Visitor: 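Have a look at this one before I ask anything.
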Amino acid sequence: MNRSAAPAPRPRRYTPGRAAFGVFAVVMTVIGWVIEPIQRLIGVRRMPWVFLLPNLAIFGVFILFPMVMNFYYAFTGGTALYPLERPFVGTQNFEQIYACGNYLNPATCNEDLFWRAVWNSFTFVAFHVAGLVFFALITALVLNARIVARGFFRSVYFYPVLLSPVVVGLIWKWILQRDGVLNGILVSLGFDRTLFLLNADWSMFWIIVVTIWANMGFHTLILLAGLQSIPKELYDAGSIDGTGPLQSFWHITLPLLMPNVVVVLVLAMIRAVQMFDLVYVLTGGGPGSATLLMVQYIYEVGFASQIQRFGLAASASVTLGVVLLIITLIQLRLTRGSESHLA
Amino acid sequence: MRSLGAILKLRRGRKGPDGRRKMHLTDWLAYGYLAIGIVVMFGPVLWLVASSFKTPAGLLEFPPTALPYAQTTVPVEGYDEPLPLFDVTFEDGTERRMAQVRRIGIEAQMVDPDAPGEPITVNIDQREQVRELRLAWENYVDPLQRFNFLTYLRNSVVVTVVATIVTLIANSMAAFGLSKYKFRGRNAVFLLIIGTLMIPLSVILVPVYLVITEVGWVNNLWGVIIPGAATPTGVFLLRQYMLTIPDQLLDAGRIDGASEWRLYWQIVLPLSAPAMAVLAIFSVMWRWNDFLWPLIVLTRSELFTLQVGLNAFQGELNVQWHYVLAMTVLTLLPITMVFAFLQRFITTGIASSGVKQ
């Protein structure tokens, strides 16, 4: 028996992880051959700009430049995409969009589809956000109570968040169609068959329900994280003082959860204003224009129709951007308010 | 009222005097809510999966059955196609299992499958379908051969993988520059990037389309990949993480003569792996599910991604639901598998970073 013999070094195994790292290292080394001479040339102090370059280049070309160009399109007319071929028309696009006999009645407007989209979006955002926050809050409270398998249930509510909007739209289109399972259940219970997606009110109802279904899990997570960060001692102190459960909810839980509620509210609103794909697949904006939302209007006017009215699309985009800006400003105001309230 | 407090006061694990947990009314309410939750959240997806295994005839049935039943067919001597089986009840009360040759109005011609002789004419009310449980795998196999499904899949995979790699590299480089150096203009650049968090692509569709056209990327996967690669979310996430990496590590590397580039990829990147993983998962989700922008950029069907292709199928005049449903299942399969393996990671990652898009 030879105790002094060192164990043979284990042969290095070939694994996908190692191979990936090898590729990564080779690529990075090769890029280094380009970047290291640059460093010698310009010095360490200017190197951050080299690191920022790729991101800023994409950012500049695909976000900053388009942001500026968007206004150019909004103030020029015609159907040409190339900027120099577009005649300057002043505020004509905005007038076209905003000229309206009575804003509450889209039929009196020049661009009636735009105002239908605006009011549809308004209804949609109001009910969607209210329902979303309500159910997300209840779900978060239940998930935060003493239950077994919390991780599992959290995943249950989160699962639809990962599904693509197209898939969600198709799933529900299949359920809600004339011969779908929902009608099957209703008929077997003795109700009449309803054409959910061919009725204006039902369509609006269902896009609200389905979008809540699809997005609730995400907002539940944020609220749950907030609930779990509330110190338990507060409740103990409350119960010593004889605080009832409803009281402690109103006076301890809700105020401390408020920052998270505001985040959820604003996030939900921002995303609801931009809602497009799920509704586009589920109802196509129909029946008629009953569920046409703002982004779909932009898409239809600028890209889907035969005559591509980029100017109108751009001015509608500017309107959408202003709405988003206002929501963001409100958020900044609210979050500052709640922080000072806590302090 | 007292038990309502269990939910409202958010306590866990309160034990009864005997040391055991007691089930309060609120617990029952909570579990009831969760049980309904399972049905409402998973039910639609399960229904999709169950429906995707039905034959076109099975899909037309109303009210629909939960399981994919299909009429049994048998090959009968003398007939080219297999014939559908029926249980026929005759006037004298006898019942025979027969195959239907053809149906004429309210009458049907039936033959005995074992001894096909002269067809017997019966009223269609007298017969009832013989059904069996059968999974219509052809719904899954046919689209793979007949439609561009595999092309769509390939396009989606290419877009997702390449875009995620580009996003990770560009964002991590920017985050490194913003977190590990002090230079004039740093805060301005950071605010500029964060400020555009609220500028979604849907607000600047037209001009971005112009840029894509000028570059020649209409009907090109690069046109889908690049515009969304400089995500403010990613820069923010990675910067916040890299700020926690001590600068002394970099100084030590500098003393040893490492170039800035090597500090980036040999020290900071490996240490940022958790944040990079979170961003990678986000990026995969965004890109796999992306719809509006690919819909605008890609108009040739051989370039469609899965989402655009699926939408095109369901938008056809004569929707072939049996194929659409099967392809929908195939589309949600990868995400479901990722979810099954990484769900804890994803949910905690999102809860801590508070971002999804």
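All values reported here derive from a predicted model rather than from experimental measurement. Chain identifiers are assigned alphabetically (A, B, ...) following the order of the sequence lines, protein sequences preceding nucleic acid strands; residue numbering begins at 1 within each chain.
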Visitor: For A/Trp174 and B/Val324, indicate whether the former's side chain and the latter's backbone hold a donor-acceptor pair under 3.5 Å.
Guide: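 No.
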Visitor: Which class fits the ring pair A/Trp49 and B/Phe183: parallel under 30°, tilted 30 to 60°, perpendicular over 60°?
Guide: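 The arrangement is perpendicular - the two ring planes meet at more than 60°.
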Visitor: With only heavy atoms counted, which part of A/Phe276 is less than 4.5 Å from chain B, the side chain, the backbone, both or neither?
Guide: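 A/Phe276 touches chain B through side-chain heavy atoms alone.
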Visitor: Looking at side-chain heavy atoms only, is the closest gap between A/Phe59 and B/Leu192 below 4.5 Å?
Guide: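 A side-chain contact exists here, since the closest heavy-atom pair is under 4.5 Å.
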Visitor: Chain B: which of A/Ile327, A/Ile298, A/Val167 shares the most heavy-atom pairs with it under 4.5 Å?
Guide: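 Of the options given, most contacts go to A/Val167.
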Visitor: With only heavy atoms counted, which part of B/Val206 is less than 4.5 Å from chain A, the side chain, the backbone, both or neither?
Guide: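 Both backbone and side chain.
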Visitor: Select, from A/Phe24, A/Trp250, A/Phe65, the one with the greatest count of heavy-atom pairs under 4.5 Å involving chain B.
Guide: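 Maximum pair count with chain B is reached by A/Phe24.
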Visitor: Given a strict heavy-atom distance threshold of 4.5 Å, which part of A/Ile63 is in contact with chain B: side chain, backbone, both, or neither?
Guide: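 Both backbone and side chain.
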Visitor: Need one label for A/Leu163: side chain, backbone, both or neither, based on atoms under 4.5 Å from any heavy atom in chain B.
Guide: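 Backbone plus side chain of A/Leu163, per the 4.5 Å heavy-atom cut-off to chain B.
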Visitor: Should B/Leu34 and A/Tyr157 be marked as a side chain to side chain contact (heavy atoms under 4.5 Å, CB included) after you check the CA-CA gap, both sets of side-chain angles, and the distance that decides it?
Guide: CA-CA 9 Å; B/Leu34 294 171; A/Tyr157 288 95; 3.7 Å; yes
Visitor: Check the pair B/Glu214 / A/Tyr82 against side chain to side chain contact (heavy atoms under 4.5 Å, CB included), numbers first and verdict last.
Guide: CA-CA 9 Å; B/Glu214 293 296 308; A/Tyr82 190 59; 3.3 Å; yes
Visitor: Where does A/Arg193 contact chain B at under 4.5 Å (heavy atoms): side chain, backbone, both or neither?
Guide: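 Interface part for A/Arg193: side chain.
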Visitor: Taking side chain as C-beta onward, heavy atoms only, is B/Ile212 less than 4.5 Å from A/Phe62?
Guide: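 They are in contact (side-chain heavy atoms under 4.5 Å apart), so the answer is yes.
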Visitor: Grab the two heavy atoms, one from A/Val156 and one from B/Met41, that are nearest each other, plus how far apart they are.
Guide: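 The answer is O-CB, 3.6 Å.
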Visitor: Given side chains that start at C-beta, do those of B/Thr331 and A/Val166 come closer than 4.5 Å, heavy atoms only?
Guide: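 No, too far: nothing below the 4.5 Å cut-off.
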Visitor: Side chain, backbone, both or neither: which part of A/Ala25 has an atom under 4.5 Å from a heavy atom of chain B?
Guide: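 Both backbone and side chain of A/Ala25 come within 4.5 Å of chain B.
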Visitor: Take B/Ile193 and A/Leu56, measure what side chain to side chain contact (heavy atoms under 4.5 Å, CB included) needs, and give me the verdict at the end.
Guide: CA-CA 9 Å; B/Ile193 292 177; A/Leu56 281 186; 4.2 Å; yes
Visitor: Okay, side chain of B/Asn171, backbone of A/Asn55: is any donor-acceptor separation there less than 3.5 Å?
Guide: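 No; zero donor-acceptor contacts below 3.5 Å.
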Visitor: Does any backbone or side-chain atom of A/Phe71 lie under 4.5 Å from a heavy atom of chain B? Answer side chain, backbone, both or neither.
Guide: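 For A/Phe71, there is no contact with chain B at all, as no heavy atom is under 4.5 Å.
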Visitor: Could you check which of B/Gly185, B/Gly234, B/Ala229, B/Gly177 has the highest count of heavy-atom pairs closer than 4.5 Å to chain A?
Guide: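 Most heavy-atom pairs under 4.5 Å with chain A: B/Gly177.
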Visitor: Relative to chain B, which segment of A/Met294 carries a heavy atom at a distance below 4.5 Å: side chain, backbone, both, or neither?
Guide: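 For A/Met294, neither part sits under 4.5 Å from chain B.
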Visitor: What heavy-atom pair brings A/Ile58 and B/Pro227 nearest, and what distance separates the two atoms?
Guide: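 Where A/Ile58 meets B/Pro227 most closely, the heavy atoms are CG2-O, 4.3 Å.
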Visitor: Looking only at side chains, do B/Tyr33 and A/Thr139 share a donor and an acceptor under 3.5 Å apart?
Guide: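 Yes, because at least one side-chain N or O of B/Tyr33 sits under 3.5 Å from a partner of the opposite role on A/Thr139.
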Visitor: Can a side-chain donor-acceptor contact be found between A/Tyr159 and B/Thr336 if the only test is distance below 3.5 angstrom?
Guide: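 Yes, side-chain donor-acceptor contact under 3.5 Å.
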Visitor: Side chains of A/Ile171 and B/Leu332: does their closest heavy-atom pair fall under 4.5 Å?
Guide: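 With C-beta onward as the side chain, the pair touches.
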Visitor: Which atoms of A/Thr319 come close to chain B, meaning under 4.5 Å heavy atom to heavy atom: side chain ones, backbone ones, both, or neither?
Guide: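 Contact with chain B involves no heavy atom of A/Thr319 at all.
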Visitor: At a heavy-atom separation under 4.5 Å, does B/Ser259 approach chain A through its side chain, its backbone, both, or neither?
Guide: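 For B/Ser259, heavy atoms of backbone and side chain both lie under 4.5 Å from chain A.
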Visitor: Between A/Arg45 and B/Tyr181, is there a side-chain heavy-atom distance shorter than 4.5 Å?
Guide: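 No, every pair of side-chain atoms sits at 4.5 Å or beyond.
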Visitor: Taking A/Ile252, A/Leu234, A/Ile138 one by one, which has the highest count of heavy-atom pairs under 4.5 Å against chain B?
Guide: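 The option with the most such pairs is A/Ile138.
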Visitor: Please classify the contact of A/Leu324 with chain B as side chain, backbone, both or neither, using a heavy-atom distance under 4.5 Å.
Guide: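 When you check distances to chain B, only side chain atoms of A/Leu324 fall under 4.5 Å.
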Visitor: Which atoms of B/Val308 come close to chain A, meaning under 4.5 Å heavy atom to heavy atom: side chain ones, backbone ones, both, or neither?
Guide: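 Nothing of B/Val308, per the 4.5 Å heavy-atom cut-off to chain A.
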Visitor: Determine whether B/Trp321 and A/Lys173 satisfy the following criterion, side chain to side chain contact (heavy atoms under 4.5 Å, CB included), listing intermediate values before the conclusion.
Guide: CA-CA 11 Å; B/Trp321 271 109; A/Lys173 194 175 184 177; 4.2 Å; yes
Visitor: With only heavy atoms counted, which part of B/Val215 is less than 4.5 Å from chain A, the side chain, the backbone, both or neither?
Guide: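 Contact with chain A is absent: no heavy atom of B/Val215 under 4.5 Å.
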Visitor: Got more than 12 heavy atoms from elsewhere within 6.0 Å of CZ, A/Arg46?
Guide: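 At most 12 heavy atoms, drawn from other residues, nucleotides or ligands, come within 6.0 Å of this atom.
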Visitor: Is any side-chain heavy atom of B/Met173 less than 4.5 Å from a side-chain heavy atom of A/Leu52?
Guide: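 A side-chain contact is absent here, since even the closest heavy-atom pair is not under 4.5 Å.
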Visitor: Where is the tightest heavy-atom contact between A/Trp213 and B/Pro44, given as atom of each residue plus distance?
Guide: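 Smallest interatomic distance, heavy atoms only, reads CZ2-CG, 4.0 Å.
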Visitor: If I measure from the heavy atoms of chain B, does A/Leu81 come under 4.5 Å with its side chain, its backbone, both, or neither?
Guide: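 Backbone plus side chain of A/Leu81, per the 4.5 Å heavy-atom cut-off to chain B.
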Visitor: Is B/Arg262 close to A/Glu36 at the side-chain level, that is, under 4.5 Å between some pair of heavy atoms?
Guide: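 They are in contact (side-chain heavy atoms under 4.5 Å apart), so the answer is yes.
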Visitor: Given heavy-atom pairs under 4.5 angstrom as the criterion, report whether the side chain, backbone, both or neither of A/Val295 touches chain B.
Guide: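 Contact with chain B is through the side chain of A/Val295 alone.
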Visitor: Examine whether an atom of A/Leu64 lies under 4.5 Å from a heavy atom of chain B, and if so say whether it belongs to the side chain, the backbone or both; otherwise answer neither.
Guide: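 For A/Leu64, side-chain heavy atoms alone lie under 4.5 Å from chain B.
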Visitor: Is the shortest heavy-atom distance from the side chain of B/Leu178 to the side chain of A/Pro48 under 4.5 Å?
Guide: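 B/Leu178 vs A/Pro48: side chains apart.
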Visitor: Sort A/Val168 into side chain, backbone, both or neither according to what part of it lies under 4.5 angstrom from a heavy atom of chain B.
Guide: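 No part of it gets close to chain B.
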Visitor: Quick one about B/Trp288 and A/Ser164 (side-chain donor to acceptor, distance below 3.5 Å, no hydrogens or angles considered), yes or no?
Guide: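 No pair is found: no donor N or O on one side chain lies under 3.5 Å from an acceptor on the other.
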Visitor: Between A/Asn183 and chain B, which part of the residue has a heavy atom less than 4.5 Å away: side chain, backbone, both or neither?
Guide: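 Contact with chain B involves both backbone and side-chain atoms of A/Asn183.
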